[in-house]
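So the structure is just underneath, and the comments pick up after that.
Protein chains get the first letters and strands the later ones, always in sequence-line order, with residue 1 at the start of each. Keep in mind that what you see is a predicted model, and the values were worked out from it rather than measured.
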2 protein chains.
Amino acid sequence: MAVVAPKQRLMDAAAELFSSIGYAETSLRHIASNVGIKAGSVYYHFESKDEIYTDVLLAGMDLMIDGFQAVETDSNSTSMRETLAEHVVGHLKVLHANLAYTSLHVTTFRTAPAAVRRQLVPRRDEYEAMWTALLRAALPNTPVSEISILRLALFGAMNSSIDWFDAGRGSLEEFAEVITDAFWAGATERQQRVAQ
Amino acid sequence: MAVVAPKQRLMDAAAELFSSIGYAETSLRHIASNVGIKAGSVYYHFESKDEIYTDVLLAGMDLMIDGFQAVETDSNSTSMRETLAEHVVGHLKVLHANLAYTSLHVTTFRTAPAAVRRQLVPRRDEYEAMWTALLRAALPNTPVSEISILRLALFGAMNSSIDWFDAGRGSLEEFAEVITDAFWAGATERQQRVAQ
DNA sequence: GTCTATAGTTCGATAGAC
DNA sequence: GTCTATCGAACTATAGAC
């Protein structure tokens, strides 16, 4: 029975603290103490605080990308409406199953050090491109500029749930349904209006 | 010709820095230097860094509340769909016209010191209640639990624009239209489904 | 692989001169 | 109302013992 790697345990502790009190407010002493070692020892595993941050953010985005691809693979949906719905559920499930890692992209990425941000941008672009392609396929008659807006608004709606979703008081599936209905009905209605 | 009050100038500088680099990363020395004074002098105007933060957040939320009420007063819309659209535009306009103040509620409020958060909660609740009442009036046949989800998703979609909206490449009105269509069409479609 | 000890910085806040 | 000077605390990161 393998023990969890120290590097992984440090990343878990760091992710938890980053997302609960913020990056700047989280000290290496605090991270280290949460895994039972001293601050100086952290430097055996990581070169800097920024490296921990970068690794955590990369891991978070990889989870989202893997989640998207898993939906593609498992899906046997017939309609685009259904495919979209599955991806919305998938996004929300991966997001909330790994909140400490994934929520940082919503909450703190914006003020991350430039060097950290630079290393993350390609991976984030990759995920965004997957969604753009999905929406273009689902709404072939919607102008590209509007697809952009739709994707950003959809991300905003889904990701805001990190602040308010409480697993004890509702299901992710219910939220996914409401959101999918909104964006699907709104976009198809607009398409019909333009077609007239 | 009255000069801008020093307190106001400090708040402007602080809000700008808080929103661009984050609260913890912003030093009093930096704020002070941006208005041409020294860090020690800030304490003549404010009791602490937290007090500046609280005042900025309160001012930001007051702007949103005033904006909502201004829409109510000016509105001569006939349909609920139109009233909702006006409020979406209003929210987005006030949000983006005062980004340094208002965006902090989206970006940093979550990790604000407990004492700061406590002083803000009533004011934020007030604004949220206005929107809940609006949505309940607009969608009288939608269950209350779903109104909650709709409001949170709508806020998420609207507020995410602080990260991506570029006044040079699109209009707030266009975004407001897309969003209003989405939430209106989705919610009304769901109502009809339930009614059947 | 973890420890102690500490260098070197920066921070919020205070005191007192002007 | 702003200044200088500084206190005490906290931080990242390094060096070297074990």
How many whole angstroms separate atom [atom1] of [X] from atom [atom2] of [N]?
X	N	atom1	atom2	value
A:Lys7	C:dT2	NZ	P	13 Å
A:Ile21	D:dC11	CD1	C1'	13 Å
A:Glu47	D:dA13	CD	P	10 Å
A:Asp50	D:dC11	CG	C1'	14 Å
A:Phe46	D:dT12	CZ	C1'	16 Å
A:Glu25	D:dA9	CD	C1'	17 Å
A:Tyr44	D:dT14	OH	C1'	17 Å
B:His45	C:dA13	NE2	P	16 Å

Can you classify the ring geometry of A:His91 versus A:Tyr127 as parallel (below 30°), tilted (30 to 60°) or perpendicular (above 60°)?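 Aromatic pair A:His91/A:Tyr127 classed parallel.
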Need to verify one output field. Residue with the more 5' nearest nucleotide on DNA chain D, B:Lys38 or A:Tyr23?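 The residue whose closest nucleotide sits nearer the 5' end is B:Lys38.
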By nearest heavy atom, map B:Arg29 and B:Pro6 onto DNA chain D; which one lands nearer the 5' end?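 Its nearest nucleotide being more 5', the pick is B:Pro6.
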Do B:Arg151's NZ or CZ and the ring of B:Phe183 fall within the cation-pi criteria of under 6.0 Å and 45°?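 Geometry flag: not set, cation outside 6.0 Å or 45°.
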Would you indicate, yes or no, if [N] has its OP1 or OP2 atom less than 4.0 angstrom from a side-chain nitrogen or oxygen of [X]?
X	N	value
A:Tyr43	D:dA13	yes
A:Ser41	C:dC3	yes
B:Ser27	C:dC11	yes
A:His30	D:dA10	no
A:Lys49	D:dT12	yes

Taking A:Leu134 as the starting point, is it possible to reach A:Met61 by hopping between hydrophobic residues whose side chains are less than 4.5 Å apart?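 Linked within one cluster.
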Is a side-chain donor-acceptor pair under 3.5 Å present for B:Ser19 with B:Ser103?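 The answer is no; no qualifying pair exists.
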Taking it one step at a time, do A:Phe165 and A:His96 satisfy side chain to side chain contact (heavy atoms under 4.5 Å, CB included)? CA-CA 9 Å; A:Phe165 178 73; A:His96 284 273; 3.7 Å; yes
